[in-house]
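Heads up, the thing below is written out as structure tokens.
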Amino acid sequence: MLVSLLMLCWSVDFFSSSKPTTVLITVPAEMINSLFLISHSGDIFLEKHWKSVISRSVCDYFLEAKEKAGDPENVAPVLQTPHHYLISIYRGKLFFLSVTQTEVPPLFVIEFLHRVADTFQDYFGDCSEVLIKENTVTVYELLEEMLDNGFPLATESNVLKEMIRPPTILRSVVNTLTGGSNVGGTLPTGQLSNVPWRRAGVKYTNNEAYFDVIEEIDAILDKSGTTVFAEIQGVIEACVKLTGMPDLTLSFMNPRLLDDVSFHPCVRFKRWESEHVLSFIPPDGNFRLMSYHVSSQNLVAIPVYVKQNISFLETGSCGRLDITIGPKQTMGKTVESLMVTIPMPKSVLSVNLTATQGTYTFDLTTKVVLWDVGKLNPQKLPNLRGSISIQTGAPKPEENPSINIDMKLQQLAISGLKVSRLDMYGEKYKPFKGVKYVTKAGKFQVRT
Amino acid sequence: MQEWASQLCENRQFGSKMTDSKYFTTTKKGEIFELKAELNSDKKEKKKEAVKKVIASMTVGKDVSALFPDVVNCMQTDNLELKKLVYLYLMNYAKSQPDMAIMAVNTFVKDCEDPNPLIRALAVRTMGCIRVDKITEYLCEPLRKCLKDEDPYVRKTAAVCVAKLHDINAQLVEDQGFLDTLKDLISDSNPMVVANAVAALSEIAESHPNSNLLDLNPQTINKLLTALNECTEWGQIFILDCLANYTPRDDRESQSICERVTPRLSHANSAVVLSAVKVLMKFMEMLPKDLDYYGTLLKKLAPPLVTLLSAEPELQYVALRNINLIVQRRPEILKHEMKVFFVKYNDPIYVKLEKLDIMIRLASQANIAQVLAELKEYATEVDVDFVRKAVRAIGRCAIKVEQSAERCVSTLLDLIQTKVNYVVQEAIVVIKDIFRKYPNKYESVIATLCENLDSLDEPEARAAMIWIVGEYAERIDNADELLESFLEGFHDESTQVQLQLLTAIVKLFLKKPTETQELVQQVLSLATQDSDNPDLRDRGYIYWRLLSTDPVAAKEVVLAEKPLISEETDLIEPTLLEELICHIGTLASVYHKPPSAFVEGSRGVQHKRLPGSAGSGESVESPDTGSAAGVSDAPPAVIPSQGDLLGDLLNLDLTPPATTGPPPPATSGMQLGAMDLLGGGLDSLLGGDLGGSSAMGAGFGAPPAAPAASFSAPVSGGLDDLFDLGGGVGMPMGAYSPPKTVWLPAMKGKGLEISGTFARRAGVIQMEMTLTNKAMSVMTDFAIQFNRNSFGLAPAGPLQVLTPLSPNQSIEVTLPLNTVGPVMKMDPLNNLQVAVKNNIDVFYFSCQYPISMLFVEDGKMERQVFLATWKDISNDNEAQFQIKDCHLSSDAVSNKLQGSNIFTIAKRTVDGQDMLYQSTKLSNGIWVLAELRVQTGNPTFTVCLKCRAPEVSQCVFQSYDAVLKN
């Protein structure tokens, strides 16, 4: 201890005799030059430039890559062109394509683009071409407010909403009649306080705080039903409508479960580290308080089992399908909204199936069998069976289709996570509190 | 345009009355005229609607610049929305209407004084966006005020504005002192202002690589770390990226920074997480491996990386590219997380391919069964590219994890049984590699492979199959038939297959000469006479001549035992990996190329290196030994790329190993001659290839200087020369190293005496010291540090004094040095300030190193380059010196100098005076050119030095003098 302290003193001392050391650095300047919005068919329908104007012909490189990829979801998110880098995301059948000229952290750009899409969704209810076109001026104002010279400026939804009010039918009518504006005239209060996510002077007649614990099971099961891989992605979505500056503390029965978490900036990390409670001044309205990840190291309960047999005959251009689904580890809850999706090989012509429960459809163009089962009844297991016909002359399909399962279990967090209490400090009133749990299937796949 | 119009019409039907789409309806001819009238309307509301229409047209790329004056007129208004809209318009069109833009200046200046901070900020922000030179001079005063505004919102906006202004007029920004104001903002009380100041400085620094803009010292670092906790997520990214450039003083500082950065790993914004990972990965290098905290940190890194993989696919992709780097550098972080990389069938293809790559990197004996089961599953997927890569991955597993090879081979055989064409072909290609790694082990499968011969239609697979047939010709009964069948369509094959076929048939012939004479004749004539591919023809001729002159030699050459292929040929080369680790989260990390390779106009992009570890014995030169040992016992051998190979050849160490004392005098001269012949030959061969034909002439023909010295000396017969020869042969021919001198007398060192010298041995600069303990107590805990110096000399590792130094004991220490340390010009140039610490105190001393130890091995310039450079350097940079009392012949001189990496390029004799032209390269890339005049019988030589950095001439001369006189 003493020695290393000495060492520290020594280095400082030694260098203080010469000129103060300066380190030359070249940091990538995070900058987004331009944004293009492109429909999934390839129309560029909006452009915004934060620095000098870049011709939209730069999008040709992207459109070419899109053409090559076939499926729009398969377009690589980072592309290099002779003079620019194109970083894009695909959201709501739209491409958000940003153009940069210098080395920039791509995650920064991608995160920002998702934030833009989130904001559009928040403002217009959906992030679609039609809605964006309908609101171009607002979109332009928003983009201008979100980014300045390529640096993000205001991306918190509550800050933005104070500066640019979201369009509502009522406000539009009022504005047209009174000449009012949908741009805020004062500096958003949250912008500068040390709680930038919350505006001051919030008032509600009904004070309420609701938390939804939503867990998704990502799993891959193999042919025999053994778990190849399973993990749980959880989020806690909050809807907090509380007057003033409430300071909340949310505690769990079993916080040790959570070893891999990411928090909303409002959560005090130190408290979490020392006491394993979430202590925070909440943003106003809806927000994601935390997300967590229960890793594949732990055992993950799998609520259903799937007995399946999909086979294609060597000759005769046909095959058979037989799927039965039953409950496995449901913790006493009912499996609801059960849905089975099977993308068939391209050479499949049609299917002739019978479902003992629910209905099935077969999409002729995408070759996807969709079986909407509904509630899973443990007494009478749902079954789908029948024959598959293949184009005559086509060889036996080489690949085995995967089965994708969707389901929901109400009032259950499959990881076992439980909220024990919510305390409020800083305000005097008594709020309504509530916690809801739900478990869903995320990417839940059964291989055949 | 047509398209747009139709879309707009479509839009019209969609749009309700209340939405902006109504602004698109005016696409008629008189549109501009109408808008003009509306803009000049008295009614506020009408004005606003008109501006909205203008903006709407602008967003879809219509030219509404004609309305500039009318829109600018609307600017003077109390209505904030209208003001904003006008500003939006201005930013877009100011450039095309600079004169008009000036009209707006007054309003801007006025708005910068507005009581509402929102308006002040908006004005200064917009002014910065108007990229017109003329407007900038008006901007200065308002900007200066705004940078000192009482409201932090205005200050943070103004900070960004400085960067904008710098982009338009850098000089102005410097002259006005804005950079200093910006630097002051780093100490601002508001974290958002700090973050923006850092961002702005970073952007400016990029175009100004030589300015010390971001002055990172422990104090500023502390400020940044404080701001890090409180600023927005974007600000955190700026600050973390800036922190990553700092080099902590020692492991304690590094640990304390790491401790303060780790909470960022739990941030919801993935870019923040990855930037934090970068800082941690870099600073971790400095932590001793035995530190508890080191292990804790390693554990903390895994969960956030795994979490990144559950984000949107685009984020996943970038994360995966970076994880690929991280697992190569520190495989221990994710070694238990194999499963998260398992591929889901609906992952986008770009995610699938990356996951696969990482799975192979993480494959080990412990998890190979799982990995193989997965890979086999993937081989039946739909996507052809993915399936191919999966099959290839099985082969890579076999090569990487020896214990699994057998299982891999049987999996591949299963896949071949599927008869799916591309699967079979891919499998054959990888089986070839498995054969190369484990010869004589799996040849039993050849029969199965041969069954699929006909289905192979891809060149790579055909070539692989032919290679297998040729390599194992003696075990395949019908090898000749198989190869003959390929030969039929020889001219239709791709070059790859043709070359392979040629080699395979020659191998076959050497193995079974009796039955295949005809076949080999046939292929040789096909390759040499009927082909116009130079590679093929040349290879054909080489085989032909080999076979015709000496079949035994041919056998030895062609059937020579080949080295096994290395475990992972696809690993990123370690120095590049180090650099890329410093660039985690950037585009460089996505492309796996250094930024200098692709960033356009990358002025002064620096090669970043990881800091060396302080506590552990790990040196900077071999930073990956520790981590590599984590995956496999043997460090992975990397096949160097073409460029490196060439570099290595040129760098051939020509000096005999002098470390073990003088070599036996009788052989030394010859040895040197032989080595030189090789060196000279190679140099000129390569030189000829690169530079042109004339150097070729000098290639083998003209003997280089050194052998000339040994052989011609007796002929010339002079007494001096004979004497020289003796002297020359008897001496160790390594680089000159001065005798040790006392650097730190015991009086000043509280009993510690240090004497030392510098030497260059086998291309490594070494500091050789004798530490003597003249005190009464034991000395321990030695450490050394250099001050910044002219050539960036720095210890390449810690000072290795393993045992305590007891009283009256001496110890010899050799410290390898590198030249990548910080640079500062010293006076004299070769002065080095050193600090040595032990358990008693810290001692400072300075010493001077002979500059000759900085002369690098590849300092031999090509003749033509030499000539051109000599002419190119102006005469002002020429310096002349006299070397007195030197009794050496010119050949002995060049011989001796070459030992210290001063290379003689040419020799001319004019009037009994020998002129030697010599070149030398310093470790920092400075070339020194010399002309040395030696008059037979005259002990005074004249040396004339030319260099682009004339200040080194004096030092170089001293080296000449020292080398020649010792």
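Residue numbering restarts at 1 for every chain, and letters A, B, ... go by the order of the sequence lines.
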Item to check | Contacting moiety of B:Leu85, where chain A heavy atoms sit under 4.5 Å | outcome: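 When you check distances to chain A, only side chain atoms of B:Leu85 fall under 4.5 Å.
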Checklist entry - Can you say whether B:Tyr345 sits under 4.5 Å from chain A via the side chain, the backbone, both, or neither, judging by heavy atoms? => result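 Both parts, backbone and side chain.
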Most chain A-contacting option - heavy-atom pairs closer than 4.5 Å, from [options]:
options                                : value
B:Val273, B:Val272, B:Asn346           : B:Asn346
B:Glu312, B:Lys83, B:Gln370            : B:Glu312
B:Asn322, B:Thr380, B:Val198, B:Asp167 : B:Thr380
B:Val423, B:Val590, B:Val387, B:Leu88  : B:Leu88

State whether the side chain of [X] and the backbone N or O of [Y] hold a donor-acceptor pair below 3.5 Å, judged by distance alone.
X        : Y        : value
A:Asn74  : B:Ile349 : yes
A:Glu111 : B:Ser270 : yes
B:Gln236 : B:Cys231 : yes

Item to check | Shortest non-hydrogen contact from B:Arg249 toward B:Pro218 | outcome: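 Closest pair (atom of B:Arg249, atom of B:Pro218, distance): NH2-CD, 4.3 Å.
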Checklist entry - Hey, are the side chains of A:Ser88 and A:Leu113 touching, using non-hydrogen atoms and a 4.5 Å cut-off? => result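 Side chain of A:Ser88 against side chain of A:Leu113, heavy atoms only: no contact under 4.5 Å found.
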Item to check | Test ring pair (Phe, Tyr, Trp, His ring centres under 6.0 Å) applied to A:Trp50 and A:Phe151, step by step | outcome: CA-CA 9 Å; A:Trp50 283 275; A:Phe151 301 114; over 10 Å; no
Pick whichever of [options] has the most heavy-atom pairs under 4.5 Å with chain B.
options                                : answer
A:His114, A:Lys270, A:Glu216           : A:His114
A:Thr155, A:Val109, A:Ile87, A:Leu131  : A:Thr155
A:His264, A:Met290, A:Arg115, A:Lys223 : A:Arg115
A:Lys443, A:Arg447, A:Glu73, A:Glu273  : A:Arg447

Contacting region of [X] [heavy-atom separation from chain B under 4.5 Å]:
X        : value
A:Val75  : backbone
A:Asp218 : side chain
A:Ser55  : neither
A:Phe112 : both
A:Ile220 : side chain
A:Lys346 : neither
A:Phe263 : both

Checklist entry - How many angstroms lie between atom CG of B:Asn269 and atom CG of B:Leu315, to the nearest 0.5 angstrom? => result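 Rounded to the nearest 0.5 Å, the CG-CG separation comes to 8.5 Å.
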Checklist entry - Who are the ring pair (Phe, Tyr, Trp, His ring centres under 6.0 Å) partners of A:Tyr90, not counting sequence neighbours? => result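 A:Phe95.
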Are [X] and [Y] ion-paired here, with the side-chain N under 4.0 Å from a carboxylate O?
X        : Y        : answer
A:Glu144 : B:Arg125 : yes
A:Glu145 : B:Lys84  : yes
B:Glu49  : B:Lys53  : no

